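Read the structure below first, then the notes.
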Amino acid sequence: MLHDDRLFSSDTTQRAIARRLYSEVKDLPIVSPHGHTDPAWFAYDEPFPDPATLFVIPDHYIFRMLYSQGISLSDLGISRIDGKSNPTPDPRKIWQVFAENWHLFRGTPTKMWMEHSLETVFGVTDKLGPKTANVIYDRVAACLASSEFRPRALFEKFKIEALATTESPLDLLDHHKALRASNWKGKIVTAYRPDPVVDPEYIGFVDNIATLGDLTKEDTHTWKGYLTALAERRQYFKSYGATSTDHGHPTATTVDLSEKEAASLFQKALAGKLTSTEADIFRGQILTEMVRMSLDDGLVIQIHPGSFRNHNSNLFLTYGRDKGADIPTRTDYVKALKPLLDRFGNNSHLTIILFTLDETSYSRELAPLAGHYPALRLGPAWWFFDSPEGMRRYRELVTETAGFYNTVGFNDDTRAFTSIPARHDVARRVDCSFLARLVAEHRLDEDEAREVAIDLAYRLAKSAYKL
């Protein structure tokens with residue numbers, strides 16, 4: 001199923017150059033500095049139970065497409081949060097539904113990732129569909145029963161050099177403790193995602209603040225104690241390998257309030273009396289505080305703004321968060337980041353990595369900002385746009401202003417473990433194709449393109465994320 005020249009130009013000159021560049025990067029180790037795979041997989045190294053649990057149930061790219069065609073999440077093994085009418089998942093039936101609707105994914109990156117995973121990991125060469133569903137299911141299930149397909153073995157087979165998971169500050173990191181105690185040599189680190197305790201609109205925010213206080217023995221009902229507790233949890237996460245924080249705010253708003261103003265806003269947050277505008281300001285102050293803390297502990301800051309989370313209210317109330325209903329929004333960066341950049345933007349010892357779901361901002365705002373401020377770098381095409389076309393647009397829109405070296409290479413940002421090699425392969429092919437065009441147009445020498453290709457595939461992510 002997989003063509004050797006997939007994603008390369010049909011122009012013979014460019015294709016030949018892309019092949020040569022790709023040969024330099026295709027077997028490089030994978031650095032996966034930001035993602036959402038489950039650390040328990042690696043801590044306990046238990047077999048993945050079945051193909052549906054591996055591929056369908058954890059992957060919102062898959063079940064959001066199926067849901068858009070009227071397929072119930074319950075029929076895909078997704079549990080209701082109230083526990084009512086939760087079916088006992090029949091993984092073969094889930095897989096059959098997936099296979100019968102496989103045509104829905106034509107033209108999407110999910111199709112490329114899935115076919116790459118099936119062929120290169122499980123040796124499947126039949127096309128997925130209603131007639132082949134059972135045969136492919138049995139093939140994958142048989143593989144999963146083998147020790148060669150347990151999480152740690154696959155981690156090593158995929159040549160993953162380092163992988164970061166993402167956890168809440170309230171997480172005790174028990175899985176990471178178990179990993180450390182196991183003496184397994186695979187490098188799995190955590191990342192600090194403080195949304196539950198820094199977003200006053202997050203459900204359970206006040207209770208989460210109390211839990212934060214219990215964990216740190218700090219008085220988190222005062223502004224000073226609250227900040228101290230956040231900093232202590234950052235140090236705790238660093239002790240389990242964290243090199244970065246991650247912030248999924250609705251906007252890129254930052255502010256730089258006085259201590260008195262911030263403390264007053266915090267008290268209103270605890271009382272549940274913030275307006276939506278004030279909640280945005282509070283999150284903006286937290287971003288400023290987080291960057292300030294990075295001056296002390298060295299953690300890289302990732303800002304992932306611009307998603308209207310859980311847009312489908314009925315789905316959210318029935319099935320909970322992260323069920324494929326997050327929608328991109330327009331996002332301002334130039335004005336929104338000004339207070340933060342006034343204070344920290346010129347500090348070359350900081351690394352603040354910016355992402356967007358608003359592609360119009362790349363050439364207008366993000367590339368000019370990252371092409372100027374020493375503290376800023378651009379994250380790769382993200383989420384809805386980590387697709388071949390999205391990656392091409394990204395390179396075209398940012399390179400002329402920010403260059404390659406104000407970007408941070410690629411990260412896969414996935415919950416679907418077996419898609420990691422596929423996602424990195426797509427990124428490497430797209431970058432080699434882009435570089436090949438520059439070489440063919442005599443805008444870059446091939447030896448320069450070869451060095452850039454290696455940097456984009458491996459070195460930049462490793463350096464930017466301190467891995």
Side-chain angles (χ1 to χ4, degrees), residues 31-35 39 162-173 175-177 179-180 187-199 208-209 211-220 222-249 254-257 259 262 266 282-304 337 339-355 373-377 379 408 411 460-467:
V31 176
S32 180
H34 172 73
L163 182 149
T165 65
T166 305
E167 278 79 43
S168 156
L170 305 181
D171 196 303
L172 299 179
L173 303 183
H175 302 319
H176 286 273
K177 292 177 186 176
L179 264 170
R180 182 165 293 183
K187 186 170 185 178
I188 308 283
V189 301
T190 185
Y192 183 82
R193 178 71 175 248
D195 295 4
V197 292
V198 300
D199 181 357
N208 292 341
I209 296 299
T211 302
L212 178 66
D214 292 338
L215 284 173
T216 59
K217 309 305 180 187
E218 298 288 343
D219 183 0
T220 52
T222 69
W223 176 244
K224 183 177 179 180
Y226 170 64
L227 293 182
T228 300
L230 291 175
E232 287 182 11
R233 293 306 287 171
R234 286 169 62 113
Q235 289 294 337
Y236 182 75
F237 272 56
K238 277 195 71 174
S239 72
Y240 284 93
T243 66
S244 66
T245 73
D246 181 35
H247 307 271
H249 293 190
T254 65
V255 296
D256 193 8
L257 303 176
E259 183 176 353
F266 179 55
F282 182 82
R283 290 187 292 264
Q285 180 64 28
I286 289 297
L287 275 181
T288 303
E289 299 292 347
M290 288 286 147
V291 175
R292 176 185 60 77
M293 291 178 192
S294 286
L295 289 174
D296 297 324
D297 60 29
L299 293 181
V300 173
I301 303 289
Q302 300 175 93
I303 305 177
H304 285 86
L337 293 174
L340 180 72
L341 295 176
D342 281 345
R343 185 166 174 184
F344 301 115
N346 297 301
N347 192 321
S348 60
H349 298 293
L350 286 170
T351 300
I352 304 169
I353 303 175
L354 303 176
F355 294 79
Y373 282 100
L376 294 185
R377 295 291 182 270
V408 299
N411 68 55
L460 284 177
K462 187 172 181 177
S463 172
Y465 284 89
K466 302 180 181 180
L467 291 168

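No experiment lies behind these values; they were computed from the predicted model shown.
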*Tell me the salt bridge (Lys or Arg N to Asp or Glu O under 4.0 Å) pairs involving residues 283-293, sequence neighbours left out?*
D199-R283, E201-R283, D280-R283, E289-R292
*Polar side-chain atom of T166 near backbone of G35 as donor-acceptor pair, under 3.5 Å*: yes
*Could I get the full list of side-chain contact (heavy atoms from CB on, under 4.5 Å) partners for V189, not counting sequence neighbours?*
A164, K187, L467
*For atom NZ of K224, is the number of surrounding heavy atoms from other residues, nucleotides or ligands below 6.0 Å larger than 12?*
no
*Hey, what's the ring geometry for W223 with F282, parallel, tilted or perpendicular (30° and 60° as the breaks)?*
perpendicular
*Would you list the pairs meeting salt bridge (Lys or Arg N to Asp or Glu O under 4.0 Å) in which at least one residue belongs to residues 227-246, sequence neighbours left out?*
R193-D246, R234-D297
*asked:* Could you work out, with side-chain contact (heavy atoms from CB on, under 4.5 Å) as the rule, every residue matching D214, not counting sequence neighbours?
replied: none
*CD1 of I352 to OG1 of T245: how many Å apart, nearest 0.5 Å?*
9.5 Å
*Please assess I303 against I353 for the test side chain to side chain contact (heavy atoms under 4.5 Å, CB included), listing each intermediate value before the final yes or no.*
CA-CA 6 Å; I303 305 177; I353 303 175; over 6 Å; no
_Heavy-atom closest pair, residues G379 and V408_ = CA-CG2, 3.8 Å
_Heavy-atom pair of closest approach, residues I301 and S294_ = CD1-OG, 3.1 Å
_ring pair (Phe, Tyr, Trp, His ring centres under 6.0 Å) partners for Y236, two or more places apart_ = Y240
*asked:* Rounded at 0.5 Å granularity, tell me how far OG1 in T351 sits from CZ in R377.
replied: 6.5 Å
*Mind checking what makes side-chain hydrogen bond (donor to acceptor under 3.5 Å, both in side chains) contact with N208, not counting sequence neighbours?*
none
*Taking all heavy atoms of A461 and all of P33, pick out the closest pair and write down the distance.*
CB-CG, 4.3 Å
*asked:* On a heavy-atom basis, which atom in I209 and which in F266 lie closest, and how many Å separate them?
replied: CG2-CZ, 4.4 Å
_Going by side chain to side chain contact (heavy atoms under 4.5 Å, CB included), P39 matches just one of T165, L173, D171. Which one?_
T165
_Set of residues satisfying side-chain hydrogen bond (donor to acceptor under 3.5 Å, both in side chains) with respect to T190, sequence neighbours excluded_ = E167
*Qualifying residues under ring pair (Phe, Tyr, Trp, His ring centres under 6.0 Å), relative to F344, sequence neighbours excluded*: none
_Going by side-chain contact (heavy atoms from CB on, under 4.5 Å), name the residues that satisfy it together with A229, two or more places apart in sequence or in a different chain._
L212, T216, E218, T220
_Using 0.5 Å steps for rounding, measure from the OH atom of Y192 to the CE atom of M290._
4.5 Å
*T243 OG1 to K462 NZ distance, which is reported to the nearest 0.5 Å*: 12.5 Å
_Do L376 and L354 have side chains that approach each other closer than 4.5 Å (heavy atoms only, starting at C-beta)?_
yes
*Mind checking side-chain hydrogen bond (donor to acceptor under 3.5 Å, both in side chains) for Y465 and listing every partner two or more places apart, or none if nothing turns up?*
Q302, N411
*Apply side-chain contact (heavy atoms from CB on, under 4.5 Å) to A231 and list each qualifying residue two or more places apart in sequence or on a separate chain.*
M293
*Distance-only, no hydrogens or angles: does the S244 side chain make a donor-acceptor pair with backbone N or O of A191 under 3.5 Å?*
no
*asked:* Which residues pass the ring pair (Phe, Tyr, Trp, His ring centres under 6.0 Å) test with H247, not counting sequence neighbours?
replied: H249
_T254 side chain vs L340 backbone, donor-acceptor pair below 3.5 Å_ = yes
*asked:* Once rounded to the nearest 0.5 Å, what's the spacing between atom CG of N346 and atom OH of Y373?
replied: 6.5 Å
